[in-house]
Structures are given as C-alpha cells and as structure tokens.
Amino acid sequence: MEITKVIKERYSVRKYKPDMIWDDELNRILEAGMLAPTGCNYQPQRIYVLKSDEAIAKIRSLSRCAFDAPVVLLIALDETADWKKSS
C-alpha cells in the first residue's frame, strides 16, 4: 500500500468491541512491534499486555486513553537499553 494512501485512510479508534483478541492476532501485533526499527536495533521498548480485570481497571484509573478496550498494550522505554549518541 502506498504511504499516501495509508495516511489518507488512517483514522483514530475510540470505541472498541468487548471481544477479546485472539492470541495469534495479538502475537502478530507484538511481533510487528519487535520488528520495528530502533536506534542500533537495541529494542529498548517494553510492551506489557494488560488483560486482567485488575490491570484494565488500574490503567483506566491512570489514563483516559484506554477507552473501553478489552486488552491494552502498555508501551514503555527501558532507558538503560536505548541507544545514546556518543559525544
């Protein structure tokens, strides 16, 4: 797909079905995240999959951006693992 088509057809989702995502679909999404390029391919991102009722309730109490998604991917940076330019 051409990048201009992707940009023109993009949209933001703020309402989700209550259905859980299949494990194989979730694994494909996580694999795509791991394949995304990073500085020197250090892969400093940490992706946490929040599925439990307790975890979903906690993230909703901390952020209004979880909406009603039944699964939330929390993406964090491990600063000890990221690439830093040498001086």
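- A donor-acceptor distance shorter than 3.5 angstrom exists from the side chain of Lys84 to the backbone of Glu79, with no hydrogens or angles considered.
- Ile21 and Val49 end up in the same hydrophobic cluster when Ile, Leu, Val, Met, Phe, Trp and Tyr side chains are linked at under 4.5 Å.
- In this structure the side chain of Asp23 never reaches within 4.5 angstrom of the side chain of Arg28, judged on heavy atoms.
- In Arg46, the CZ atom is crowded: over 12 heavy atoms of neighbouring residues, nucleotides or ligands sit closer than 6.0 Å.
- Annotation for Trp83 and Gly39: closest pair CB-O, 3.6 Å, computed over non-hydrogen atoms.
- Side chains of Asp68 and Pro18 form no contact here, defined as non-hydrogen atoms less than 4.5 Å apart.
- Gln43 places a side-chain N or O within donor-acceptor distance of the main-chain N or O of Ala36, the cut-off being under 3.5 Å.
- One N or O on the side chain of Arg60 and one on the backbone of Phe67 form a donor-acceptor pair closer than 3.5 Å.
- A continuous path of Ile, Leu, Val, Met, Phe, Trp and Tyr side chains, each step under 4.5 Å between heavy atoms, connects Ile75 with Leu30, placing both in one hydrophobic cluster.
- Leu26 and Ile47 fall within a single hydrophobic cluster, where Ile, Leu, Val, Met, Phe, Trp and Tyr are joined by side-chain heavy atoms under 4.5 Å apart, directly or via other members.
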Check the pair Gln45, Leu77 against side-chain contact (heavy atoms from CB on, under 4.5 Å), reporting the backbone distance first and the verdict last. CA-CA 5 Å; Gln45 71 276 12; Leu77 168 68; over 6 Å; no

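- Ile56 and Pro70 make their closest contact through CD1-O, 3.7 Å (heavy atoms, listed as atom of the first residue, atom of the second, distance).
- A salt bridge is absent between Lys58 and Asp53: the closest approach of a Lys/Arg side-chain nitrogen to an acidic carboxylate oxygen does not fall below 4.0 angstrom.
- In this structure the side chain of Val71 reaches within 4.5 angstrom of the side chain of Met20, judged on heavy atoms.
- Leu73 and Tyr48 are not part of a single hydrophobic cluster, where members link through side-chain heavy atoms under 4.5 Å apart.
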